[in-house]
Amino acid sequence: NAGVMQNPRHLVRRRGQEARLRCSPMKGHSHVYWYRQLPEEGLKFMVYLQKENIIDESGMPKERFSAEFPKEGPSILRIQQVVRGDSAAYFCASSPNLRQGSGANVLTFGAGSRLTVL
Amino acid sequence: AQRVTQPEKLLSVFKGAPVELKCNYSYSGSPELFWYVQYSRQRLQLLLRHISRESIKGFTADLNKGETSFHLKKPFAQEEDSAMYYCALTGGYQKVTFGTGTKLQVIP
């Protein structure tokens, strides 16, 4: 089991371009989470998805950002018309579909994708 | 809304000294709390969870519902404990919220 795979590990974009970050969850995991980490700051929740369903996107900026987790293939975080402030590390994590209150909802993290906007 | 607060960005202690990393939370329901750790050049990984009441690498954490806290403690710090520590809360619909993290620096 290769764990949570994120690619690309590093992405450089010019202002106005689009950035696509991909995340393949662990085998058997049905939930995907995306977090953003700005320099010198902690992990900020962005979005939480199941297959073909966004459960909570309260941390996503209203414009330019979108996420999906299709029936087949990886989860994708898409940032349109990137700006310098989007430069950050974007982490993906996955978890199995567990009963709430089980205390076993442990996240497995990917290595992150570092986006640099020039 | 669910929120996790870690008041210290950086905590420096000498080797052999006790460690306490603070975590407070805000959540109206019954919380599930975790500590994650990120060692240098490694991925973020689970350290321990409150429901297991376990001790991992000498670390323990007790959930105090009255004070809404889940502080991480270790009686004697070791150099290999130097890392970034994140407190996390799983709330409604299994949404996981992290604190801003505390960097622990153990001085030899």
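The sequence lines fix the lettering, A, B, ..., with proteins before strands; numbering per chain opens at 1. Computation of the quantities below employed the complete heavy-atom set of this structure, encompassing side-chain atoms and omitting hydrogens, waters and symmetry-equivalent molecules.
- With a 4.5 Å cut-off on non-hydrogen atoms, A:Ser58 touches chain B through its side chain but not through its backbone.
- Counting heavy atoms of neighbouring residues, nucleotides and ligands inside a 6.0 Å radius, atom CZ of A:Arg64 exceeds 12 of them.
- If you look at B:Phe98 and A:Phe45, their ring centroids are not closer than 6.0 Å.
- Contact annotation for B:Lys103: neither backbone nor side-chain heavy atoms come within less than 4.5 Å of a heavy atom of chain A.
- Taking a 6.0 Å sphere around OH of B:Tyr39, one finds it holds more than 12 heavy atoms contributed by other residues, nucleotides or ligands.
- Among all heavy-atom pairs drawn from B:Lys95 and A:Tyr33, the shortest one is CA-CE2, 4.3 Å.
- To the nearest 0.5 Å, atoms CE (B:Met84) and CD (A:Gln37) are separated by 7.0 Å.
- Heavy-atom neighbours of B:Lys15 NZ from other residues, nucleotides or ligands within 6.0 Å: at or below the threshold of 12.
- Here the side chain of B:Arg43 pairs no donor or acceptor atom with the backbone of A:Gly112 at under 3.5 angstrom.
- Under a cut-off of 6.0 angstrom, the local environment of CD in B:Gln42 is crowded, with over 12 non-hydrogen atoms contributed by other residues, nucleotides or ligands.
- Hydrophobic cluster membership differs between A:Leu77 and A:Tyr35, with clusters built from Ile, Leu, Val, Met, Phe, Trp and Tyr side chains linked at under 4.5 angstrom.
- No continuous path of ILVMFWY side-chain contacts below 4.5 Å connects A:Phe69 to A:Ile76, so the two sit in separate hydrophobic clusters.
- Residue A:Glu63 qualifies as open at atom CD: its count of foreign heavy atoms under 6.0 Å is 12 or below.
- Note: B:Leu44 CG to A:Thr108 OG1 = 10.5 Å, rounded to the nearest 0.5 Å.
- When the options A:Val106, A:Leu107, A:Leu43 are evaluated for a side chain to side chain contact (heavy atoms under 4.5 Å, CB included) with B:Val96, the one that passes is A:Leu107.
- Heavy atoms of B:Leu46 lying under 4.5 Å from chain A belong exclusively to its side chain.
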